[in-house]
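Keep in mind that this is a model prediction, so the values were computed, not measured. Reckoned from all heavy atoms, side chains included, excluding hydrogens, waters and symmetry mates.
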Amino acid sequence: MVPTWTGSGLSAAERGPAGDRGPAGERDPTAADHVSSRGQRPAGLERKQPAPVLLIADSEVEQDMLEAIVDGGVEVNLVTDGALALLEIGLHQPDALLISARLPVVDGVTVVRTIRSVAGHDDLPILLAVGPDDRPAAAAGLDAGASACVGKPYRVTEVLAMVGGLRPDRSGAQTARSNGTEVLRGGPVLLDRAAHEVRLDGTLVSVPPREFRLLALLLEQAGRVVPRETLLREVWGSAHTETNTLAVHVRRLRRRLGEAAGEPTIIESIRGVGYRFRAAPG
């Protein structure tokens, strides 16, 4: 059974598959067995519009943190091993994930890698939770496709900030922060917000949504240093994200822009400050 914590809205367990709801959004009574086997709505809570769903895969989550996330309007489903996490993701498609690096059955890094290998999950927000001794797992998780890392033991304020930043637009739209310019240019790079395209010397380059937003921010400020805290806050929703997260995404972005090790870079690292897109705007 998957424990479910819910503030506003129905739990994923109560909603069931899309086919369990009628045209007015009411659940089909025939789905009652599914509801009773997977979770119950706490007494006193009325049905409202479904809340965003966060799946947490961890056996060391405190009740206070669960209640704080729920009080923020996010529904939480909790599992304790990696196999159950993969099953839950496949069945109910949560809006965001918090995955512990240390999980039984299937470890957290493998869970992240498996999720990213499935079509349509390229931009599913994934937080990888790492303890003080999990630095290798943090680097491996980011390389596997985690959106960011969060430290353990958990700090409720940090998790809430990151969950708020990761919450997707439920219409399916993911938009970059805009300064009013739809097309941004920097040297050989052209970014078209409306078409969600990046071109390098005229050739289309595949850039995932999070790296797309990162590149847009750097291009907006081409020639100027963008502080690390600004990039983390605008792209990940919190300036307290694990240090390696930004560096790994910049490294991926550099590779997509055709940079090889040892080559001059158009995305410069300014030690202790942030990053700068070096090429002057076209």
- Residues passing the side chain to side chain contact (heavy atoms under 4.5 Å, CB included) test with I270, sequence neighbours excluded, are V225, E268, V273, R276
- Go through the structure and list residues passing salt bridge (charged side-chain N to carboxylate O under 4.0 Å, His left out) with E62, not counting sequence neighbours. none
- Mark yes or no for whether T245, through its side chain, and C149, through its backbone, hold a donor-acceptor pair below 3.5 Å. yes
- Query: Can you tell if the side chain of V226 reaches within under 4.5 Å of the side chain of E234, non-hydrogen atoms only?
  - Reply: no
- Can you name the residues that form a side chain to side chain donor-acceptor pair (under 3.5 Å) with R113, not counting sequence neighbours? none
- Can T230 and Q221 be said to form a side-chain contact (heavy atoms from CB on, under 4.5 Å), step by step? CA-CA 12 Å; T230 299; Q221 304 295 326; over 6 Å; no
- L218 vs L231 side-chain heavy atoms within contact, under 4.5 Å: yes
- Query: Backbone N or O of L103 within a donor-acceptor pair of the D81 side chain at under 3.5 Å?
  - Reply: no
- Query: How would you list, by chain and number, every residue that makes a side chain to side chain contact (heavy atoms under 4.5 Å, CB included) with P208, sequence neighbours excluded?
  - Reply: E211, R256
- Note on the structure: With sequence neighbours left out, the residues meeting salt bridge (charged side-chain N to carboxylate O under 4.0 Å, His left out) with D134 are R102
- Task: With side-chain contact (heavy atoms from CB on, under 4.5 Å) as the test, would you mind laying out the steps for M65 and L98 before giving the verdict?
- Result: CA-CA 12 Å; M65 189 181 85; L98 174 58; 4.2 Å; yes
- Identify, with sequence neighbours excluded, every residue that meets side chain to side chain contact (heavy atoms under 4.5 Å, CB included) alongside D107. V109, T110
- Task: Could you please spell out the steps behind the side-chain contact (heavy atoms from CB on, under 4.5 Å) verdict for V53 and H92?
- Result: CA-CA 9 Å; V53 179; H92 296 289; over 6 Å; no
- For residues P125 and D95, determine if any side-chain heavy atom of one lies less than 4.5 Å from a side-chain heavy atom of the other. no
- Message: Distance check, rounded to the nearest 0.5 Å: E182 atom CD versus L191 atom CG?
- Response: 10.0 Å
- Message: Counting C-beta onward and ignoring hydrogens, is there a side-chain heavy-atom pair between L184 and E220 closer than 4.5 Å?
- Response: yes
- Message: Could you tell me if the side chain of S100 sits less than 4.5 Å from the side chain of E60, heavy atoms only?
- Response: no
- Message: Run the side chain to side chain donor-acceptor pair (under 3.5 Å) test against S269 and tell me which residues pass, sequence neighbours left out.
- Response: R254
- With sequence neighbours left out, write down each residue that passes side chain to side chain donor-acceptor pair (under 3.5 Å) with R271, or none if nothing qualifies. none
- Same hydrophobic cluster for L128 and V105, using side-chain heavy-atom links shorter than 4.5 Å among ILVMFWY? yes
- For R251, enumerate each residue passing the salt bridge (charged side-chain N to carboxylate O under 4.0 Å, His left out) test, keeping only those at least two apart in sequence or located in another chain. D143
- Look up atom CD1 in I89 and atom CD1 in I115, then write down how far apart they are to the nearest 0.5 Å. 3.5 Å
- Query: What is the distance from atom CZ of F277 to atom CG of L257, rounded to the nearest 0.5 Å?
  - Reply: 7.0 Å
- Output all residues satisfying side chain to side chain contact (heavy atoms under 4.5 Å, CB included) with P136, sequence neighbours left out; order by chain, then residue number. none
- Heavy-atom distance under 4.5 Å between the side chains of L214 and Y275, does that happen here? no
- Looking at residues at least two apart in the chain, or sitting in another chain, which of them share a salt bridge (charged side-chain N to carboxylate O under 4.0 Å, His left out) with R199? E197
- Interatomic distance, R135 atom CZ to N244 atom CG [nearest 0.5 angstrom]: 7.0 Å
- side-chain contact (heavy atoms from CB on, under 4.5 Å) evaluation trace for I56 with L66: CA-CA 9 Å; I56 298 179; L66 294 172; 3.9 Å; yes
